[in-house]
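Heavy atoms only: backbone and side chains are in, while hydrogens, waters and symmetry mates are out.
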Amino acid sequence: MSKNKQSCAVGIIAEYNPFHNGHAYHIKKAKELTQADYCIVAMSGNFVQRGAPAIYDKHTRAAMALSCGADLVLEIPSLFASSSAEDFSACGVALLNGLGVTNFLCFGSECGNVEKLSGIASILATEPVSYTEHLKKALKSGATFPEARNHGLIAGGVLQAEDASILASPNNILGIEYCKALHRQKSAMTPVTISRKGMGYHDTGLTEGIYGSATGIRKVLKESSGLLTAENPVLAQVPEPVKEMMKQGFPMFPQDLSVLLNTSLLRLAQEGIPYKNYADVSEELAARIQGQLPDYLSFEEKVSSLKTRQYTYTRISRALLHIILGFTVDKVQSGRKAGYAPYARVLGFKKTSSGLMGEIKQRGSIPLITKTADAGMILKGEAWSMLQHDFYCSHVYQTLVQDKYHIKRNNEFTQPLIIL
């Protein structure tokens with residue numbers, strides 16, 4: 001690469017929970033389709049969008065990605081990594097956009113048609129009056145947000161029923177949110193989509209030779225208590241370098257949050273702090289939580305007991321996780337005002353991408369953080385507060401890992417930067 005020529009980079013927003021063959025295919029195709037020199041991944045940290053701990057810690061998952069085609073892995077700020085699809089996407093886009101070097105944003109979708117996804121995103125980004133009126137009416141009648149959104153689009157006359165059905169698929173929804181964020185942030189990144197292959201997002205079966213879903217892999221890992229014997233079907237679903245990392249990893253599951261959840265709820269009640277102060281906790285949900293306070297339930301039992309037609313399992317999981325991690329409504333609003341991603345925390349990179357790192361330092365609009373010890377001198381205000389909360393979330397996660405497996409792990413300040 002000439003010193004004067006800017007390299008081409010494709011960005012991917014991901015969780016890699018855990019990394020599998022489909023993810024390796026995505027990275028490979030993203031580079032091929034865009035002719036990119038580098039692949040930059042904006043990845044969730046130790047807690048993920050479905051309101052749960054990541055099955056493997058962020059450093060392990062970053063190493064998995066780097067060993068399978070990624071050139072640079074950055075951490076999505078924890079405040080938005082466990083947020084709604086809209087905030088999660090807005091943060092991922094802001095992070096990649098702030099680097100100043102990302103030319104493309106590539107994502108998987110069931111639809112496979114970026115023009116259709118972008119078209120729907122444009123409608124949702126501009127929010128026509130006819131759409132919002134019908135949306136509000138549907139929400140008041142007790143519809144879930146996805147149901148109300150579809151009703152608003154069709155009844156508002158802004159989308160045909162056939163196109164609205166695109167919103168029924170989870171990867172399409174995320175793709176639309178990515179495109180919506182690109183539109184709202186006036187990003188120069190070009191969206192590119194790859195048709196999803198293999199099992200569906202929610203499919204739990206694993207078949208050798210067919211890309212399995214992360215949901216299915218997590219299910220098998222949970223059933224086998226994370227033990228990866230030679231017969232475990234998970235091993236056929238992940239690239240060779242990932243197999244060894246999984247064997248040496250310490251998998252975590254939603255149930256591992258149970259004690260922390262119950263003590264958090266009791267402590268807040270004792271201190272008189274309202275549950276509704278926390279992100280995704282409505283007054284109605286707060287009242288339901290309060291009513292069940294004396295009952296000790298596991299994390300998953302608690303979610304099931306709180307679930308109603310209006311609140312999805314994932315929405316309640318996120319709300320409870322926000323209580324555990326201290327993500328208040330005020331913190332989320334402050335994070336949005338700060339631009340979602342006011343810094344780029346590097347988890348790891350390849351030695352061959354050192355030129356890319358130099359370009360980011362030269363062209364980026366947000367600070368690049370490679371050493372936690374230096375962060376306090378680089379970041380100020382809300383940016384520093386958000387990064388400190390990232391540290392806190394990582395320490396919570398590592399505490400849970402150490403308690404469950406009775407092992408000593410590197411903490412956030414002693415974990416070395418991954419350089420492959």
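- Ion pair Lys219/Glu223 flagged as a salt bridge, since at least one NZ, NE, NH1 or NH2 atom sits closer than 4.0 Å to an Asp/Glu carboxylate oxygen.
- Looking at Lys58 and Glu412, a side-chain N of the basic residue comes within less than 4.0 Å of a carboxylate O on the acidic one, giving a salt bridge.
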Query - Chi angles and distances behind the salt bridge (charged side-chain N to carboxylate O under 4.0 Å, His left out) call for Lys137, Glu133 - result: CA-CA 6 Å; Lys137 285 180 183 177; Glu133 286 179 349; 5.8 Å; no
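- Using a cut-off of 4.0 Å between Lys/Arg side-chain N and Asp/Glu carboxylate O, Lys136 and Glu127 are scored as not salt-bridged.
- At a threshold of 4.5 Å between non-hydrogen side-chain atoms, the residues Ile55 and Ile217 do not count as touching.
- Looking only at side-chain heavy atoms (C-beta outward), Pro191 and Tyr178 stay at 4.5 Å or farther from each other.
- Ring planes of Tyr397 and Phe47: perpendicular class, angle over 60° (limits at 30 and 60°).
- Salt bridge Lys31/Asp71: present, at least one basic N to carboxylate O contact under 4.0 Å.
- Residues Ser78 and Asp390 have side chains that bring a donor and an acceptor to within less than 3.5 angstrom of each other.
- By the 6.0 Å contact criterion, NZ on Lys276 is open, its count of non-hydrogen atoms from other residues, nucleotides or ligands being 12 or less.
- Note: Tyr275 and His322 fail the aromatic proximity criterion, with ring centroids not under 6.0 Å apart.
- Lys331 NZ: 12 or fewer foreign heavy atoms inside a 6.0 Å radius.
- Look at Glu86 and Arg149 and you find no salt bridge, because none of the NZ, NE, NH1 or NH2 atoms lies under 4.0 Å from a carboxylate O.
- With a 4.5 Å cut-off on side-chain heavy atoms, Leu153 and Leu124 count as touching.
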Query - Derivation of the ring pair (Phe, Tyr, Trp, His ring centres under 6.0 Å) call for His389 and Tyr392 - result: CA-CA 5 Å; His389 218 118; Tyr392 171 74; 5.6 Å; yes
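- The closest donor-acceptor contact from the side chain of His23 to the backbone of Glu15 lies at 3.5 Å or more, if one exists at all.
- A distance of 11.0 Å separates CZ in Phe250 from NZ in Lys404, rounded to the nearest 0.5 Å.
- Using the six-membered ring where Trp is involved, Tyr211 and Tyr25 have ring planes that are tilted, between 30° and 60° apart.
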